[in-house]
Undergrad: 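This is the structure, below, for whatever I ask next.
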Amino acid sequence: QVQLVESGGGLVQAGGSMRLSCAVSGRTFSSSTSAMGWFRQAPGKEREFVAAIRWNSGSTYYADSVKGRFSISRDNAKNTMYLQMNTVKPEDTAVYYCAVGDLVTLLTRRDQYFYWGQGTQVTVSS
């Protein structure tokens, strides 16, 4: 059974940094259409796209709101992906979810991903 487990969340001061991890177990996702992504959801808002990466090629894509501040990466040997969050802002406060899909053509769409983690809370204080 495929499982995704996020870790690394917590409280961070505005302007600081935080690194989130997502460990994937059960199987690998290495086809040309496979992708992993990070989404976030704040209270009263819908879940929104943050960043995505093609597992085999390493190509990345970011939401405009985090470009230049966040960086997504993966370690194929560890079957783990990361979200490095720098210069965080209060508006980054949300529950962050990692996700993976086998047939991902549009990286920003939630319905492109089949497996989801339980989420990790990130709170940015001012």
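No experiment lies behind these values; they were computed from the predicted model shown.
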Undergrad: Please check if the side chain of Tyr113 supplies one atom and the backbone of Leu107 the other of a donor-acceptor pair under 3.5 Å.
TA: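 Yes, the answer is positive, given that a donor and an acceptor are paired below the 3.5 Å cut-off.
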
Undergrad: Side chains of Leu83 and Tyr96: closer than 4.5 Å at any heavy-atom pair?
TA: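 Side-chain contact under 4.5 Å: yes.
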
Undergrad: Would you call Asp92 and Lys89 a salt bridge, taking side-chain N to carboxylate O under 4.0 Å as the test?
TA: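 The answer is no: the pair does not qualify as a salt bridge.
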
Undergrad: Check whether Asp102 reaches the backbone of Ser34 with its side chain - one donor and one acceptor, N or O, closer than 3.5 Å.
TA: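 Not at all, since once roles are kept as given, no pair shorter than 3.5 Å links the two residues.
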
Undergrad: Test your reading of the model: is there a side-chain donor-acceptor pair from Gln112 to the backbone of Thr105, 3.5 Å cut-off?
TA: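 Flag set: sc Gln112 to bb Thr105 pair under 3.5 Å.
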
Undergrad: Just checking Tyr97 against Phe39, ring centres under 6.0 Å apart?
TA: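 No, too far apart.
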
Undergrad: Could you check whether any side-chain N or O of Glu6 sits under 3.5 Å from a backbone N or O of Gln118, counting only pairs where one atom can act as donor and the other as acceptor?
TA: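 Yes, because the side chain of Glu6 sits within donor-acceptor range (under 3.5 Å) of the backbone of Gln118.
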
Undergrad: As an exercise, state the distance from CE of Met81 to CG of Asp75, rounded to the nearest 0.5 Å.
TA: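 Interatomic distance, Met81 CE to Asp75 CG, rounded to 0.5 Å: 13.0 Å.
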
Undergrad: Determine, for Trp116 and Arg47, whether the Lys NZ or Arg CZ falls below 6.0 Å from the six-membered ring centre while staying within 45 degrees of the axis.
TA: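 Output yes; distance and angle both within limits.
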
Undergrad: For atom NZ of Lys67, is the number of surrounding heavy atoms from other residues, nucleotides or ligands below 6.0 Å larger than 12?
TA: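 Count over threshold, so yes.
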
Undergrad: Under 3.5 Å, side chain of Arg69 to main-chain N/O of Ser65, donor-acceptor pair present?
TA: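 Confirmed, Arg69 side chain pairs with Ser65 backbone.
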
Undergrad: To the nearest 0.5 angstrom, please state how far the CG atom of Leu11 sits from the OG atom of Ser125.
TA: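 Here the interatomic distance stands at 5.0 Å.
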
Undergrad: Do Val104 and Tyr61 sit in one hydrophobic cluster, given that two such residues count as connected whenever their side-chain heavy atoms are within less than 4.5 Å of each other, even indirectly?
TA: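 They do share one cluster, since a chain of ILVMFWY contacts under 4.5 Å joins Val104 to Tyr61.
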
Undergrad: Does the Arg74 side chain pair with the main chain of Thr80, one donor and one acceptor, at a distance under 3.5 Å?
TA: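 No, the answer is negative, given that no donor and acceptor are paired below the 3.5 Å cut-off.
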
Undergrad: Does Arg19 reach the main-chain N or O of Met85 with its side chain, forming a donor-acceptor pair under 3.5 Å?
TA: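 Side chain of Arg19 to backbone of Met85, a donor-acceptor pair under 3.5 Å: no, none is there.
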
Undergrad: Looking at Thr93 and Val124, would you say the former's side chain and the latter's main chain have a donor-acceptor pair under 3.5 Å?
TA: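 Side chain of Thr93 to backbone of Val124, a donor-acceptor pair under 3.5 Å: yes, one is there.
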
Undergrad: If you draw the axis of the six-membered ring of Phe49, does the NZ or CZ of Arg110 fall within 45° of it and under 6.0 Å from the ring centre?
TA: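 Not satisfied by the 6.0 Å and 45° rule.
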
Undergrad: Taking only residues two or more places apart in sequence or in another chain, which ones pass ring-ring contact (aromatic ring centres under 6.0 Å, His included) with Tyr115?
TA: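 Phe29.
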
Undergrad: Among side-chain atoms of Ser30 and Asn56, is any donor-acceptor pair under 3.5 angstrom?
TA: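 No.
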
